[in-house]
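Written out below as structure tokens is the structure these notes cover.
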2 protein chains.
Amino acid sequence: MTAEAKPASLQLTERQEARRRRILHASARLASRGGFDAVQMREVAENSGVALGTLYRYFPSKVHLLVATMQDQLQHMHEALRKRPPTEEEPTTRVAQTLMRAFRALQREPHLADAMVRALTFADRSVSPEVDTVSRLTTAIILDAMGLDGPPTPEQLSAVRVIEHTWHSALITWLSGRASIAQVKIDIETVCRLIDLTARDGAREGADGAREGR
Amino acid sequence: MTAEAKPASLQLTERQEARRRRILHASARLASRGGFDAVQMREVAENSGVALGTLYRYFPSKVHLLVATMQDQLQHMHEALRKRPPTEEEPTTRVAQTLMRAFRALQREPHLADAMVRALTFADRSVSPEVDTVSRLTTAIILDAMGLDGPPTPEQLSAVRVIEHTWHSALITWLSGRASIAQVKIDIETVCRLIDLTARDGAREGADGAREGR
DNA sequence: CGTTTATCTAGAACAAGTTTCACTATCGGA
DNA sequence: TCCGATAGTGAAACTTGTTCTAGATAAACG
């Protein structure tokens, strides 16, 4: 894992944009078939009609490629969610509902999910910017689901971060067969209760305010 | 990633036990030096005075090896924590304190932490049993820190699961340089408040409700 | 247009995880 | 103690991610 070459100049020509699409498409297709291991760089190159060297110019490593694939998929999901926002009343349930919806979408392509999530957590520092983009996308989805009026408070951001942690990790335990779907649901619902807490705390004052010592 | 050969018969002879130790030791040493990538199977074999084939008989893949290494380290940490249990009063703070202590221990060997955690989250189904063992160990540590009287309620177990999720995921974001130590601390403290929630929900007033005061 | 430069291609080469094979050493039981 | 089964050794082979090289193409620009 060395990887540094820049992802091609910032302004892509039309042909280049098309190549990029073909690559991402091939990547997702192979991933859907057999997960992380089935995404083989030579095959991605071949399936997208591009030389191996070119593939590496666009995505400097397999992990980069799969994280980019995840960005792509998340973007789609974000749009889909925007079109049909959650129906629930309570922010807590809205978030839980949204995440479970996303989860069911992943369930439909478990191998693809496997490839993307494994890449995401396996990514080292050289992929940080890309992983960060994914993280921001996820955060945006959750914040959307919360349906806040104003900007989120720091407490709410913390809660969202923790929800995200739980989301990723729960996904992994499910993908590796160590947790059932029901279990994931419970975990999601459990962590979402943190939102209630921040809501309550945000309006705290009177009640049991003074906690947390030394 | 194929890996299946069983980890040698259940009853190890003395020499075998020694081999196993040497291997784990070499693994940890190499990991401490350069993280996941620095643990090269050929080198582990050489450094522990064992043939490559033998190494693979003991640990059917690099990930198996590193997860086993993590088991080992966790065991040590569990013992260390038993000897000096957390000093705080509140279960919530006790857990947070314990996890931050563990976290600081990992900070001392960031490369080793990197190797172990990356292996853990990268592990596929073939490593599930081993990963599960690690998970149980972690759960035990957290439950210990909570210092419960009786057996944990289902809600409490859910909270612990979520704390564990957060712990792993926060660790990853720190290891890949996307979150600061302070950030991790906040996340841990945030998720630990779930414990308050279960306590409040689980405890019907009277009995052990002498918390709030102080 | 013609030239200069960045991109792309084909394919070889390299690195590290994993497997295989032909032997040898060790161990547990008759 | 001797023997068959099991475990260990050493080295080569295989797989797949990654890098490198030389030549063909396409783009940018005067």
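Order of the sequence lines fixes the chain letters, A, B, ..., with proteins taken first and strands second; residue numbering starts at 1 for each chain. What you see is a predicted model; the values in this text were computed from it and never measured.
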Please state whether the phosphate of D/dT9, meaning OP1 or OP2, lies under 4.0 angstrom from any side-chain nitrogen or oxygen of B/T54. yes
Return whichever of B/G53 or A/V39 has its heavy-atom-nearest nucleotide of DNA chain D closer to the 5' end. B/G53
Nearest to the side chain of B/R42, heavy atoms from C-beta on, is which of D/dT9, C/dA16, D/dT16? C/dA16
Tell me what A/V44 touches on the nucleic acid: a base, only sugar-phosphate, or nothing, going by heavy atoms under 4.0 Å. nothing
Considering only heavy atoms and no angle criterion, is a donor-acceptor pair shorter than 3.5 Å present between the side chain of A/R15 and the base of C/dT7? no
Quick one: the side chain of A/R19 and the base of C/dT7, do they pair up donor-acceptor inside 3.5 Å? no
Verify, without hydrogens or angle tests, whether B/S176 (side chain) and B/I172 (backbone) share a donor-acceptor contact under 3.5 angstrom. yes
Expressed in angstrom and rounded to an integer, what is the separation of B/L55 atom CG from D/dG10 atom C1'? 14 Å
In whole angstrom, give the distance that lies between atom CZ of B/F122 and atom P of C/dG17. 12 Å
Donor-acceptor under 3.5 Å (B/D114 side chain, B/F36 main chain): yes
Can you list the steps and then say if A/S27 with A/T69 is a side-chain hydrogen bond (donor to acceptor under 3.5 Å, both in side chains)? CA-CA 7 Å; A/S27 164; A/T69 305; 3.0 Å; yes
Using whole Å, report how far CD of B/E43 lies from P of C/dG17. 10 Å
Think A/R57 has a side-chain N or O under 4.0 angstrom from the OP1 or OP2 of C/dT9? no
Rounded to whole Å, CD of A/E14 lies from C1' of C/dT7 at a distance of 17 Å
Return the value, rounded to whole Å, for the distance between atom CD of A/Q40 and atom C1' of D/dC14. 13 Å
To the nearest angstrom, how far is A/L66 atom CG from D/dG17 atom P? 10 Å
Stepwise side-chain hydrogen bond (donor to acceptor under 3.5 Å, both in side chains) check, A/H78 with A/D144: CA-CA 9 Å; A/H78 197 178; A/D144 271 17; 3.1 Å; yes
Strictly below 4.0 Å: does A/Y58 bring a side-chain N or O up to OP1 or OP2 of C/dC8? yes
Separation of D/dG17 C1' from A/F59 CZ (nearest whole Å): 16 Å
Atom CG of A/D124 to atom C1' of D/dT18: distance rounded to whole Å? 14 Å
May I ask you to verify if any side-chain N or O of A/Q16 is less than 4.0 angstrom from the OP1 or OP2 atom of D/dA26? no
Map B/L52 and A/G49 onto DNA chain C by nearest heavy atom, then report which one ends up closer to the 5' terminus. A/G49
Apply the test salt bridge (Lys or Arg N to Asp or Glu O under 4.0 Å) to residues A/E189 and A/K185: give CA-CA distance (whole Å), side-chain angles for both, the deciding distance (0.1 Å), then the verdict. CA-CA 6 Å; A/E189 283 164 356; A/K185 187 155 188 276; 3.3 Å; yes
Among D/dG10, C/dG17, D/dT18, the one nearest any side-chain atom of B/K62 is C/dG17
